[in-house]
Structure formats: C-alpha cells, structure tokens
Protein chains: 2
Amino acid sequence: MNINEVSKRSGLPSKTIRYYEEIGLITPLRAANGYRAFRERDLHKLAFLGRARALGFTIEDCRTLLALYEDSTRESAQVKALAEGHLQAIDAKIAQLQSMRATLAHLVHRCAGDDRPDCPILDDLALVPPPAAPPAG
Amino acid sequence: MNINEVSKRSGLPSKTIRYYEEIGLITPLRAANGYRAFRERDLHKLAFLGRARALGFTIEDCRTLLALYEDSTRESAQVKALAEGHLQAIDAKIAQLQSMRATLAHLVHRCAGDDRPDCPILDDLALVPPPAAPPAG
DNA sequence: CCTTGACCTTCCCGTCACTGGAAGGTCCAT
DNA sequence: ATGGACCTTCCAGTGACGGGAAGGTCAAGG
C-alpha cells in the first residue's frame, strides 16, 4: 500500500502519516524506489492513533496506549489510569470554558449591540480593579 | 515604571509584555538606558488585554477590541458581534469536549482497571470499522 | 572604587501537532 | 517522449508564549 491509499483508509492526511513515522509511532517498510510500503499492521496502528487522537489524547499518550496495546502482559489498570487522567484534564478544560462562557454570555446579554458606542463588554474589560488590600499584619 | 512593576500590577509575565510590544499591541516609551518606560496608559492596556485573554479571545480579537475601545465613534454592535462569534466558538469547543468526555467516560467505566490485560478502552481504540458501503447508484 | 545582586536588554530555540509548499524523483498510460 | 498523478525530502509557519544565554545598568554596601 502506498501512502495515499493508507490515507484514505485510515482517514488521516498523508502529512500526518509521515509525521507519525518521523516521531516513531509507525515504521512502514520501504520499497526499492523509496516509497513507503505500508502493511495492514501499519494501517491498523494508524486507525488506532486516529481514534485515540479523536478522543483528545496527546501524541505521547497515544504512544503509551499503543505500547500498552501491543503488550500482552499489560494490566488494564495502567490503561484506565491514563484514561482517567485524560478525563480529568478534559473536565478541567470544560469547566474553564464554561466559566468563560458564563462571563461572556452575561456581557453579551447586557450589550445593546446598536449604533451607539456605549458598550458594557468594553467597560468590563477596561475595569480598573481596586488595589489589593495589604496583607493582614 | 519598569517592566517588573508593570508585570506585578497587570498580572502578566514580563515575557508576555515584551511579546505584546513586539506584535504592536502596546508601544511603551524608552528611557535613555534602553529600558522600557511604561505609562499608566500602557498598564491600563495590558490589564485590558489580560482580561480579554482570560475570556479566551485570540490575540487578533484583542487587537480589534483594543482598537474599538479606543475608537469613540465605534458602534457597540461591532463589539457585540465579535463577542458573539467568540461565544459560538466556545460553545463549539465545549460541545466537542463533552462528546469526547462522554465516549471516554463510558470506556473508563467499562474497564476493570485491575491486573489483567483485558481492556475495553484498548479494544475500542483498536476496533476495525466495517468497510463503508459503496455509494448508492 | 569595587563588588554583588537584582534588574534590564536582545536573540534564539522549543513548545504541540501538524500544514503548506517547493524542488525533485517515479510510475504509468498515451 | 510527454503528461499527470503519484511519491520523496526539506524547510518554514502556525498561536501565544516560555526558557535560557549573553551581556548592559543600577543601587547599595564595604
């Protein structure tokens, strides 16, 4: 299989596939003409990587997951710990975005959005916070 | 004011302040010794930028917001449109993260997380999707 | 006057996971 | 021989900084 076919079958861009080889996630064979010669095994790995990336795992997490996948002596606890860590990271990001969203939605709601310059959004961004109180003592 | 004081009062790292100057968001004066000489106005802008960035606006959005803030003939509709666009982007990110989260949480829940190798998380990542049906016709 | 140490400066590289594009080799059909 | 669709490598850029080196400046203390 050449890279274009693997790209179509894995759903990953050719550029990404070359990049994954460069960082050692896959090691396709080479034909005599220098072209990459992908086996089913490489395609399978790429599909695995595509799904892991779609779940938001970092490349390094993917590397670990791939290693665990290929290690028949793994303990599922290792996989679960990695996934749980990622889940927490996702939750933290969601919380942060929801906090932003709440503030921003409030400001948007208060802005008339007409042809006048008065704008609570800008007013809020420009707010000078009162100087912090000196530490007690 | 030197950069360190501005950093403390704005809450932005010195590196970030230098970067903001480099990309033209602020233009502090220079003292005879080459040190940046910040005015209250620069500090005010930096605080504005810090708050806009905390709401997740991109640097380019911040540039626009700053320009609108300083333009007394602006229409609040411009600000609101920008903020609403950003709100939609945030919503899209939240939705994507929640989708990831749902899938991942389901997998984590099904994984025993013990000393055995069996792992529904890896099984799912390794799933070979059935070949797509050829297009009708 | 000298030293120490806390500042300040610029410059360059690294991050993360790719993406775009240039320059050039290969293959296959005409 | 030619064209076009492949393939290759290499280099540069993305966003928004952060780390760190090499070197200039300033104020205090001895």
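Here is the naming used below: chain letters follow the sequence lines, and residue numbers restart at 1 for every chain.
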>> When you group the ILVMFWY residues by side-chain heavy-atom contacts below 4.5 Å and let the links chain together, are B:Tyr35 and B:Val6 in the same group?
In response: no

> Of B:Leu29, B:Ile3, B:Leu43, which meets side-chain contact (heavy atoms from CB on, under 4.5 Å) against B:Phe38?
Replying inline: B:Ile3

> Between C:dC27 atom P and A:Met1 atom CE, what is the distance in whole Å?
Replying inline: 19 Å

> Of all the choices, C:dC7, C:dG21, D:dG18, which nucleotide is nearest to the side chain of A:Lys15 once you look at every atom?
Replying inline: C:dG21

>> For the CD1 atom of B:Ile17 and the CG atom of B:Asp42, what is their distance to the nearest 0.5 Å?
In response: 10.0 Å

> Within the structure shown, what part of the strands sits under 4.0 Å from A:Thr58 by heavy-atom distance: base, sugar-phosphate, or nothing?
Replying inline: sugar-phosphate

>> Using side-chain contact (heavy atoms from CB on, under 4.5 Å), reason through B:Thr27 and B:Glu21 one step at a time and then give a plain yes or no.
In response: CA-CA 6 Å; B:Thr27 45; B:Glu21 180 188 12; 5.6 Å; no

> Closest to the A:Arg30 side chain: D:dC6, C:dC8, D:dT9?
Replying inline: D:dT9

>> In this structure, how many angstroms lie between the C1' atom of C:dC8 and the CD1 atom of B:Ile17, rounded?
In response: 13 Å

> Could you give the distance from CD (A:Glu75) to NZ (A:Lys80), rounded to the nearest 0.5 Å?
Replying inline: 13.5 Å

> Just how far, in rounded Å, is C1' of C:dA17 from CD of A:Glu21?
Replying inline: 17 Å

> Are B:Thr16 and D:dG18 close enough that a side-chain N or O sits under 4.0 Å from OP1 or OP2?
Replying inline: yes

> Quick one: the side chain of A:Tyr35 and the base of C:dG25, do they pair up donor-acceptor inside 3.5 Å?
Replying inline: yes

>> Distance alone, cut at 3.5 Å: any donor-acceptor contact between the side chains of B:Asp118 and A:Ser76?
In response: no

>> Taking the minimum atom-to-atom distance to the side chain of B:Ile3, which one of C:dC8, C:dC18, D:dC7 wins?
In response: C:dC8

> Rounded to whole angstrom units, what separation is found between the CG atom of B:Leu49 and the P atom of D:dC17?
Replying inline: 9 Å

> Taking the side chain of A:Arg36 as heavy atoms from C-beta outward, which of C:dC18, C:dT9, D:dT8 is closest to it?
Replying inline: D:dT8

> In whole Å, what is the span from the OH atom of A:Tyr19 to the C1' atom of D:dT9?
Replying inline: 17 Å

> Of all the choices, D:dT9, D:dG18, D:dA16, which nucleotide is nearest to the side chain of A:Arg18 once you look at every atom?
Replying inline: D:dT9

>> So for atom CZ, which belongs to A:Arg116, do other residues, nucleotides or ligands contribute more than 12 heavy atoms lying within a distance under 6.0 Å?
In response: no

> Side-chain heavy atoms under 4.5 angstrom apart, residues restricted to Ile, Leu, Val, Met, Phe, Trp, Tyr: same cluster for B:Leu104 and B:Leu127?
Replying inline: no

> Between A:Tyr20 and C:dC18, does any side-chain N or O lie under 4.0 Å from OP1 or OP2?
Replying inline: yes

>> If you assign each of B:Asn33 and B:Ile59 to its closest nucleotide in DNA chain D, which residue comes earlier from the 5' end?
In response: B:Ile59

> Rounded to whole angstrom units, what separation is found between the NZ atom of B:Lys8 and the C1' atom of C:dC8?
Replying inline: 13 Å

> Rounded to the nearest Å, what distance is computed from the CZ atom of residue B:Phe38 to the P atom of nucleotide C:dT9?
Replying inline: 7 Å

> What residues in residues 89-101 of chain A put a non-hydrogen atom under 4.0 Å from any atom of DNA chain C?
Replying inline: none

> Taking CG from A:Asn2 and C1' from C:dC27, how many angstroms apart are they, rounded to a whole number?
Replying inline: 10 Å

